[in-house]
Amino acid sequence: MSGTTIGDPAARRFVQTTTTAALTVIWTGRHSGLVPYLSEHLSSVLPTALITVDDFNTETQVFGISCLEHIIEHVTRTELNWYGQGDVIYKALERLLYHREAELVRPLLRCVVLLLGKLEGGYTSHDNNYKWSRYDDVLQIVLQNTEHEQNIPLRRAYMDSLPALLDASKMGVIRWSKRLLRILREYLEVAGYSEHDSAIPTLQVLKVYLEHCQPRIAHNSEALFQMLLRLLYDITKSSEGDGVQSQKIDSRVFQETVDLIEECLDVVIKNAPVQAHNIGSPPSLPIYGSYWFVLLCNYKYIYKSFDTLARWYNTKLLGLHLGPLPTVVACDLDTVKEIFARPEFNGRLDCYISQARAMGVTLGLFFTDSDLWLEQRRFTLRHLRDYGFARRSGLQEENIRQEVMDLLALLNSSKGREDYDVFHDGCALLPQLFCPGMINCLWSVLAGDRFPPEAHKKLRQVAEASFHFVKDVEPTGGALVLTPWLRHFGRNGFGFNGLVKGTGYVTEFFREAVKDHKKNYSEDSLRDFIDDYIQELKKNDTKNIVNSFSEDQLLLLATDLILPTAATVPAMLTFTLIMLLHHPQVMLKAQKEIDGVVGRDRLPSLDDRSSLPYLEAIQREVHRRQSLLPLSVFRRCTEDTMLNGYFIPQHTLVVPNLWSVHNDPELWGDPENFRPERFLDEEGRLLRKDITMPFGGGHVIRREKDRMSERPLQNKEKGRRAIGRPRTELMDQAQKDMEDKGADWRRVAQGEVWRDRNGRECARRHAEKTTLITPDRYSNLDLPFTDSRVFCESIALEHAATEAGRRVCAGETFSRFTIYLFLAALLQNFTFSAPEGKPIPGLDDVISGFSVSPPDFWVKVVPRN
Ligand code: HEM
């Protein structure tokens, strides 16, 4: 045959009949310099190679396969597809996939990979990786063979060949993930036990799998860990000659295997999910579940009990069963912050006590969630703000100042006048002394009016009812939530009577005001929040709109505003004075600071706040030392989710333990000490960052569309002038001041960045939202007034509590301003001390309930010279 060319018809005829001749021709082709010009001879050599592949002799078949491989390698993809030649080759090779000769499997699979690379082109990022392809056909057969193969050389052959095949199928491997892992587990088990050499090719397959199936690693991480660690254990034992039945592993193989295991483990660890398992928790017993242990630990102060249990279990996220309720308690700053930030933790528990206080349905703001809460909260805050609430407004400051002046007048009078029961002989009863003033501050916004001193007695009864609400039931609602029938037992029905009667009293008190407003209502001049709500109700009536607005809802939401105003804010002020009584040097220092900045001729104003850092530090420290709502208001998880790597099922009760955060030694060093200086730098300036969170929540980001829907204030102002309480001179002056300062205080919009008057960047505007840059809006004590319409146009720093979806205390700004103005004026004018013969409460004497309250006590009030 020497001198014959491939294209020669005689030679072709000859090779078609003689296998040996075919082998020779192909051999000649491979070695006679045809490469890379094989394409023009394709039609001649391909039939010969195919015949060879079809031979009964394995050796010949292998030779045929290598010829095909050679052909595929040296023709282009297009040429291969001419007349379906590629498909013909594929069919010929596919048939061979069922053969069980190890020497054939390796070249066969190599050739298949080569062929499919040309026919399928391999997966690309644009392909639909989940479309069935010929790779899948091949993998299906090969994996099936591999799985059931017991012949050791054949098993090796498959493992040697699989990496290339898997590599070529890329993401397509995911489809075969389950079967592949099953095979690998079985192969590695055998490799660890006896076939040490086969560990390396099997691990190579695993490596390729990990590379292409990254999305599945998290799901299979546990199985992967197990198989790798088991192999490591087995071969380590074998390397030490410990294996009972296995022979000693070769040191080179051992090293190579360990290296590969390490590589694989590295990938698995990197992709493993944060562990999703149940949280360690105290055991669950009948009826109250783990609540028994909580009570056992510290039945008086549940928040301390949670903290102790968390430390006991060495976790920051404590899991419990409060009766049937799965509960998690977060005891560290980061987790608590995360809970406040994530909308899936915005739910509230709908339980018997939340319904019992509201005519059998859940209404108001505290205990509602989903659409009702969202709609009511947005409406409430938007309209309250129009009357100065929850933002810095001249109107609000003037209202508070009026109450401050009344209080100072009372404390300066020698006789107790109408308030004899709370002030006489130079001694005042706390916290009742502060309650009427606080309620009045809110009342001016809600009902456009204030109660004169003669009516303070009535307000103190409202406050007493509010204190019942907050004192009588402990923070989680505890036993009553779990076993409501307890309300029929005990003197106070385990707090039930206080809770329901307290709420009921406040609701009835407000109902009177609503009745009055309905009588005098005028569409043209809206006087206050009640009028706004009535207008909304009428609008819904006229247009037949069904939504969450109703008179009962109005009553309950106002109740939810009055309760904390009447109880929590006076409690805070009282706690502050208790701390100062125990630390007279702190009181003296604060008084000196006020004297230096404000003097004695005028009352401290909100403008002075930024110049009184020590006073501000005192308030922060009191908020920290005495968390008023130690467990915030408990939340409910609205969907299955993960927290700190733990799985939290839907409807789990989620409790942010603010007390733990405020008393964490890692954060504060000496949390048990009252030390305002911890909030100041060496030069006595207030630290910008404040990580206390007495009001829960956190920073609120306001959306652009809320900003745009801001309504002008004029019609409200008109109404107030015409019908409501007349404006005082002071109010007019304050309004004028604001208008004057407005131009100066206006924020300058520079592109997407808002700057304040000092040129500091304070907000950044994106397409849909405005993001506050200031890390803590309350560390900026220089908040400008927002009454002026000029300012309303540049509202970046305004309190943004209307942000949909965020649960924050609705009264934070109001409380902070009120407490500051009262405290500053009291310290400016009086010194407080313990009355002779009467003890003052200790620093930790608190009554724990829905919020913590101070015990009633008398304090001596001495005017300063
Ligand atoms: C020092 C006084 C106060 C403290 C320490 C305080 C603290 C809190 C806390 C921790 C929450 C739970 C927030 C959450 O679920 O993340 C809350 C909610 C609330 N607070 Fe306050 N608060 C105070 C005063 C007030 C005042 C004066 C009002 C009303 C004028 C008020 C109205 C509310 C309302 C309506 C909620 C429920 C908000 C909602 O669930 O959407 N708070 N408060």
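All ligand and atom numbering here is 1-based and tracks the order in the structure. Small disclaimer: the values here were computed from a predicted structure and weren't measured.
Partner F850 forms a ring-ring contact (aromatic ring centres under 6.0 Å, His included) with one of F634, F469, Y303 and no other, that one being F469.
Proximity to L561 (heavy-atom distance under 4.0 Å) selects the following atoms of ligand 1: 29 (C), 30 (C). Near T568, meaning under 4.0 Å from one of its heavy atoms, ligand 1 places the atoms 2 (C), 3 (C). The contact set between ligand 1 and F366, taken as ligand atoms under 4.0 Å from a residue heavy atom, comprises 18 (C), 19 (C), 20 (N), 33 (C), 34 (C), 36 (C), 37 (C). Residue contact check: W373 has heavy atoms under 4.0 Å from atoms 39 (C), 40 (O), 41 (O) of ligand 1. In summary, the atoms of ligand 1 found under 4.0 Å from a heavy atom of F340, numbered by their order in the structure, are 16 (O). Proximity to F389 (heavy-atom distance under 4.0 Å) selects the following atoms of ligand 1: 30 (C). Residue R807 has at least one heavy-atom neighbour below 4.0 Å for each of these atoms of ligand 1: 16 (O), 39 (C), 40 (O), 41 (O). Heavy-atom proximity to V569, at under 4.0 Å, picks out these atoms of ligand 1: 27 (C).
The residue among S627, S632, P656, C809 with a heavy atom at the shortest distance from atom 17 (C) of ligand 1 is C809. Between R377, R635, E812, it is R377 that holds the heavy atom closest to atom 39 (C) of ligand 1. Of the candidates C441, A810, A571, G696, it is A810 that places a heavy atom closest to atom 33 (C) of ligand 1. Across S815, S851, G811, P630, heavy-atom proximity to atom 24 (C) of ligand 1 is greatest for S815.
Judged by distance alone, the side chain of N644 and the main-chain N or O of Y646 form no donor-acceptor pair under 3.5 Å.
Using a 4.5 Å heavy-atom cutoff, the side chains of N399 and C441 are not in contact.
Looking at R348 against ligand 1, only its side chain comes within 4.0 Å, counting heavy atoms.
In this structure, R348 forms no cation-pi arrangement with W373, as its terminal cationic atom is not both closer than 6.0 Å to the ring centre and no more than 45° off the ring axis. In this structure, K304 is positioned above the aromatic face of Y301, its NZ or CZ under 6.0 Å from the six-membered ring centre and within 45° of the axis.
Contact check on D406 versus R450 returns a salt bridge, with a Lys/Arg side-chain nitrogen under 4.0 Å from an Asp/Glu carboxylate oxygen.
Under the 6.0 Å cut-off for aromatic ring centres, H468 and Y505 do not qualify, their centroids lying 6.0 Å or more apart.
Ring geometry for F379 versus F549: interplanar angle over 60°, hence perpendicular rather than tilted (30 to 60°).
No side-chain donor-acceptor contact under 3.5 Å links R625 and H662.
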